[in-house]
Amino acid sequence: MTEDAILVEGARKRFGEKNALDGLDLRVARGTVHGLLGPNGAGKTTTVRILATLLRHDDGLVRVAGHDVRTEARRVRRRIGLLGQYAALDEELDGRQNLEMFGRLHHLGARGATARAGALLERFGLADTGRTPVKRYSGGMRRRLDLAASLVTDPDVLFLDEPTTGLDPRGRGEVWDSVRSLVGGGTTVLLTTQYLEEADRLADRISVVDRGRVVADGTPDALKTRAGADRIDVVVRDAARLDEAAAVLPFPAAGTDVDRDRRRISVPVHDRMASLAATVRALEEAGIEAEDVALRRPTLDEVFLRLTGERTAEVAA
Amino acid sequence: MSAAYAVSDCWTMTRRELAHWARQPVQVLVGLVFPVMMLLMFGYLVGGGRAVDGPYVDYLVPGMLTLTMVFGLEGTMTAVTRDLRKGVVDRFRAMPMTDGAVLVGRAAADMLQSAVGLLLLTGVGHAIGWRAHGGPGAFLGALGLLLLLRFAMLWIGIFLALVAGRPELVQAVQILVWPVGFLSNAFASPDAMPGWLGTAVEWNPMSATATAVRALLGNPGGEPGHLGAALLWPLLLLAIFFPLAVRRFARLGT
């Protein structure tokens, strides 16, 4: 079967007066990581809850792993794993009890559930937590157990709804490593996040969501290209010559940013290599010593602000 | 195969609740001991003489058994509210498990706890002089009526938690079960109350169960004629709240 792992066409969902989803389209190819990026309230969590059969959409086509989420919810549930924003665990029970319970509810049988729980605890570094109830786990441990719980059946499609929100950098790194190792095993991952860095690091493709619609879609690189020109950053050694340096650069002054604290000049450029050569030459001719000259693409942060900002402007106009 | 899965899912969910007991034995113990304390307080401190023919303890014990069943509502509501506020119900709902197994697990555990509570309370009652006179069949019949009332309360509790599952509202219900419980004939005969109050008390569904249980156990205040009402009231409540609760649970996602 070659159908996309996730297929959403024109999904709509209203909560009272509010259109949470306003004709959302999404396609995720099998075995890829897809990032759903957007501000708070954009509709990311609503999308995940609909895909995971927790919420019914009002209108539109929504298929997961080849099944319709409305009419074949149970078939969908056999193929998915879900890591929600809040730990979906029984806090009174210990890690093993949780995983065994979820295994039995996935109909692995008593023996199968026990074996699976043991393997997952081992894999996520939780094998020595013993009888400690989950409520005494650290944030990172809880997140790892939650992730283990969503992998009890080796899901074809895994939903991660802001998987690292509230984690410290170390916990975040742990979750990222786990996600990367999963993708190696062929799982399709849909990841929602507010962290651009996270989407950039993990996702093969990104959909930018705003007000219940996808406003941009593509690989992280393509989105960066779309959002505007590359930039050249020049860091000069002598802060006193910063303005002089900015003046000798062969580019229009309009787009030039001067950051005095970092002794850095940043200019948008179109012809990457020629501009780089011209910059180096101009600095040399003026006798200004540069500490660093770098050509870079815009960050996803810049892309994100631009895309969501554009849409806001559109609505206002 | 799906029937086998249904049984296994319900058993898994019941085991989950039993595992909670093992984790919090003190909490379970307090829940069981509380009605016993109430029985002893009313038996010895508040005392009898409320227009009852015969020993007050014989009147009081069936009343306390009934009150314990009604107070169970609050325990059910608390547990369901706690579950809903954690993400764990989301995980259950995103699994291919049998619809309603979550509720069946809750129901099985609560009914089991109530049955244990009834046996404990009758044991303590016996120790302080209460006697049942109806024979084993009537005794089992009385326990059946009490558990039927508890079963109705269970689904009201689940429904309330699903409709208004916020801790503040659980607290409100915890307080409100008291006047409802006391506006019955659990402790005092309605004959000794002002006319309007006595009427209200006689119409309390709880009073029907208490009166029928007294009749079955051969205790004062019993009227065999109330057996029908003791069956009908809980069945009526079940007919209303069972489908409402199940529907509400199925619709959590809309």
Name the region of [X], side chain, backbone, both or neither, that has any atom closer than 4.5 Å to a heavy atom of chain B.
| X | result |
| --- | --- |
| A/Thr153 | neither |
| A/Asp58 | neither |
| A/Ala110 | neither |
| A/Glu100 | neither |
| A/Asn98 | neither |

Give a yes or no on whether [X] atom [atom1] has more than 12 heavy-atom contacts from other residues, nucleotides or ligands under 6.0 Å away.
| X | atom1 | value |
| --- | --- | --- |
| A/Arg75 | CZ | no |
| A/Arg14 | CZ | yes |
| B/Gln24 | CD | yes |
| A/Tyr195 | OH | yes |
| A/Arg70 | CZ | yes |

- Query: Residues in side chain to side chain donor-acceptor pair (under 3.5 Å) with B/Thr98, at least two apart?
  - Reply: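 Checked B/Thr98 against side chain to side chain donor-acceptor pair (under 3.5 Å); matches are B/Asp9.
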
- Test item: side-chain donor near acceptor, A/Gln97 and B/Arg23, under 3.5 Å: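 A/Gln97 vs B/Arg23: donor-acceptor pair found between side chains.
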
- Would A/Arg49 and B/Asp90 satisfy salt bridge (charged side-chain N to carboxylate O under 4.0 Å, His left out), going step by step from the backbone distance to the final call? CA-CA 9 Å; A/Arg49 291 182 69 82; B/Asp90 275 355; 2.8 Å; yes

- Item | B/His20 vs A/Leu93 side-chain heavy atoms within contact, under 4.5 Å |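 Side-chain contact under 4.5 Å: yes.
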
What heavy-atom pair brings [X] and [Y] nearest, and what distance separates the two atoms?
| X | Y | value |
| --- | --- | --- |
| A/Leu82 | B/Ala94 | CD2-CB, 4.3 Å |
| B/Arg93 | A/Arg77 | O-NE, 3.0 Å |
| B/Pro96 | A/Arg74 | O-CD, 3.8 Å |

- Between A/Phe102 and B/Phe92, what is the ring plane arrangement, given parallel below 30°, perpendicular above 60°, and tilted in between?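 Rings of A/Phe102 and B/Phe92: tilted, 30 to 60°.
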
- Query: In terms of heavy-atom pairs under 4.5 Å with chain B, which of A/His107, A/Glu92, A/Arg131, A/Arg78 leads?
  - Reply: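 Most pairs with chain B among the choices: A/His107.
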
- Message: I need the full list of salt bridge (charged side-chain N to carboxylate O under 4.0 Å, His left out) pairs touching residues 232-243 of chain B, with sequence neighbours left out, sorted by first then second residue.
- Response: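 Applying salt bridge (charged side-chain N to carboxylate O under 4.0 Å, His left out) to every pair that reaches into residues 232-243 of chain B, excluding sequence neighbours, yields nothing.
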
- Message: I need the B/Ser8 OG to A/Arg104 CZ distance, nearest 0.5 Å.
- Response: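 Spacing of OG (B/Ser8) from CZ (A/Arg104) equals 8.5 Å.
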
- Spacing of CG belonging to A/Leu89 relative to CZ belonging to B/Arg91, to within rounding of 0.5 Å: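 Going from CG on A/Leu89 over to CZ on B/Arg91, the span is 6.0 Å.
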
- In terms of heavy-atom proximity below 4.5 Å to chain A, should B/Asp99 be classed as side chain, backbone, both, or neither?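 B/Asp99 touches chain A through backbone and side-chain heavy atoms alike.
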
